[in-house]
Protein chains: 2
Amino acid sequence: MAGVSTVRVVVVDDDPLVRAGLRMILGGAPDLDVVGEAVDGQDALDVIARELPDVVLMDIRMPRMDGLAATRRLKERGTSARIIVLTTFDTDEMVLTALQLGASGFLLKDTAPADLVVAVRRVALGEPMLSPSVTNQLIAAVTRPSDDGRRRKARTLLARLTEREREVADAVSDGMTNTEIARSLHLGVATVKTHVGSVFTKLEVTNRVQVARYVHDAADDR
Amino acid sequence: MAGVSTVRVVVVDDDPLVRAGLRMILGGAPDLDVVGEAVDGQDALDVIARELPDVVLMDIRMPRMDGLAATRRLKERGTSARIIVLTTFDTDEMVLTALQLGASGFLLKDTAPADLVVAVRRVALGEPMLSPSVTNQLIAAVTRPSDDGRRRKARTLLARLTEREREVADAVSDGMTNTEIARSLHLGVATVKTHVGSVFTKLEVTNRVQVARYVHDAADDR
DNA sequence: CCCAGGCTCCACCGGACGGTGGAGACGGAG
DNA sequence: CTCCGTCTCCACCGTCCGGTGGAGCCTGGG
């Protein structure tokens, strides 16, 4: 895909100095070709549609349409361009949002020129490229021990349930009525009521919404 | 911290050929110094305790004690050494486990020698270093679009609720009865029932457990 | 062998829930 | 001003839920 020969790049930033700087840095590499510039997200959509670049360097903070919105639009219309988000700040939320939108890279503006060139090359090849601090955020996001307290408690309590009770509890937390559960498990309604009752006792709750809470807490993956 | 001058490295792998290879690659860099080798996790603990390296290149698959277990032990005893996990395979689980244990890097054994040297230097400086495919796994882990679908739907539907209805819906999903909600919001039970009713209509559900599902889906942060 | 525990079911009851239709007050949009 | 939406409440009614106290059945362990 793309540049076996030359990697076509579009630079999107509202600051003329930044655009000039990027053009100079990337232009210094013989295998990179800055084929277009845009000053905001709206502009970027046009330029990218026209130039069909391999890689887009996209600022986030821009007037009219910001870089994340532009990235969303591009991905929606199935662009083949890989997008590197380039920003001064790396707030947690922006990083996750950008990556969820399908950005291939997330670089801080303090990235060394040489690294920037490397990043563009790698992204053009389909590899991801993140600044170290962004990588750290990603690791932190994945590592998070979640809501350990509630989850442990929920698991402990749920572990006391018998097989059948567990099935019933699951059905309850799916929002089913006793009658529906009875049908679904091929049981009498009376039996379901018995099971639901012992689930209440074992989980120390008094209504089915609270059962749903426990079940969902315990299931909460990741 | 550590190597302003020389980065002290320990290589841990049960395969003599791999150790020799790594020693050659890293030894070729004047600022890197391979100060020790270990053939398994158990051995590694001793060598690292003795040599106090800046960076450890740690294989996962090893006899006696594997690399992940060794990493855990090292971190438990508060080692200052940064650990790069080096393996042929990059299963999802191993990656997450390694990072949760505090590994600073996760590289595949097909990493280019030059990149390996770069990785050791960066990790020595406290930066993370992941192979592209590992980064992709992390991104995938964070992206999970499945959750997103339910969540968007839930948010959309919940957005239709009025302020009051939203409060009532929250109370409902906390497992409160109508009477409790009435007391907590200083309302008549009749009013609560009305609100609950319109919540059902707007969310297109028929009982309060299903309301709890929507509310929790929409709230599901991370 | 018996007993404990799990699964299945039953009857009864009061209270909570869910659906329907209405009403008065208030505030903002047209 | 009138209309519309929101918030507040009311009454009625059938259903479902949750609690209590049973009862058989089967399996596995002491």
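First the proteins, then the strands, lettered A, B, ... as listed; each starts at 1.
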Among all residues two or more places apart in sequence or in another chain, which pass the side chain to side chain donor-acceptor pair (under 3.5 Å) test with [X]?
X: B:E37; answer: B:R19, B:R23
X: A:R73; answer: none
X: B:T162; answer: B:E165

- Item | Test side-chain contact (heavy atoms from CB on, under 4.5 Å) applied to B:L157 - qualifying residues, sequence neighbours left out | B:K153, B:R160, B:L203, B:Y214

Please identify each residue that fulfils salt bridge (Lys or Arg N to Asp or Glu O under 4.0 Å) with [X], with sequence neighbours left out.
X: A:D15; value: none
X: A:K75; value: none
X: A:D66; value: none
X: A:E51; value: A:R8

Give the rounded distance in Å between these two atoms: [atom1] of [X] and [atom2] of [N].
X: A:M176; N: D:dC16; atom1: CE; atom2: C1'; answer: 15 Å
X: A:R208; N: D:dT15; atom1: CZ; atom2: P; answer: 17 Å
X: B:I181; N: D:dC9; atom1: CD1; atom2: P; answer: 14 Å
X: B:Q210; N: C:dG18; atom1: CD; atom2: C1'; answer: 12 Å
X: B:F200; N: D:dC16; atom1: CZ; atom2: P; answer: 14 Å

- Message: When you measure from the side-chain N and O atoms of B:N178 to the phosphate of C:dC17, is any distance below 4.0 Å, counting only OP1 and OP2?
- Response: yes

- Nearest heavy-atom neighbours spanning A:D115 and B:R122: OD2-NH2, 3.4 Å

- Task: Please say whether more than 12 non-hydrogen atoms of neighbouring residues, nucleotides or ligands are located less than 6.0 Å from CD in B:E76.
- Result: yes

- Message: Filter on side chain to side chain donor-acceptor pair (under 3.5 Å), then keep only pairs touching residues 183-192 of chain B, sequence neighbours left out; what's left?
- Response: none

Protein-nucleotides 23-30 of chain D N/O pairs closer than 3.5 Å?
none

- Mark up nucleotides 4-12 of chain C, 5' to 3', with B wherever a protein heavy atom is under 4.0 angstrom from a base atom, S wherever such an atom reaches only the sugar-phosphate, and - elsewhere. --SSBBB-B

- Angle separating the five-pair end axes of the helix from C:dC1-D:dG30 to C:dG30-D:dC1, nearest 10°, is 30°

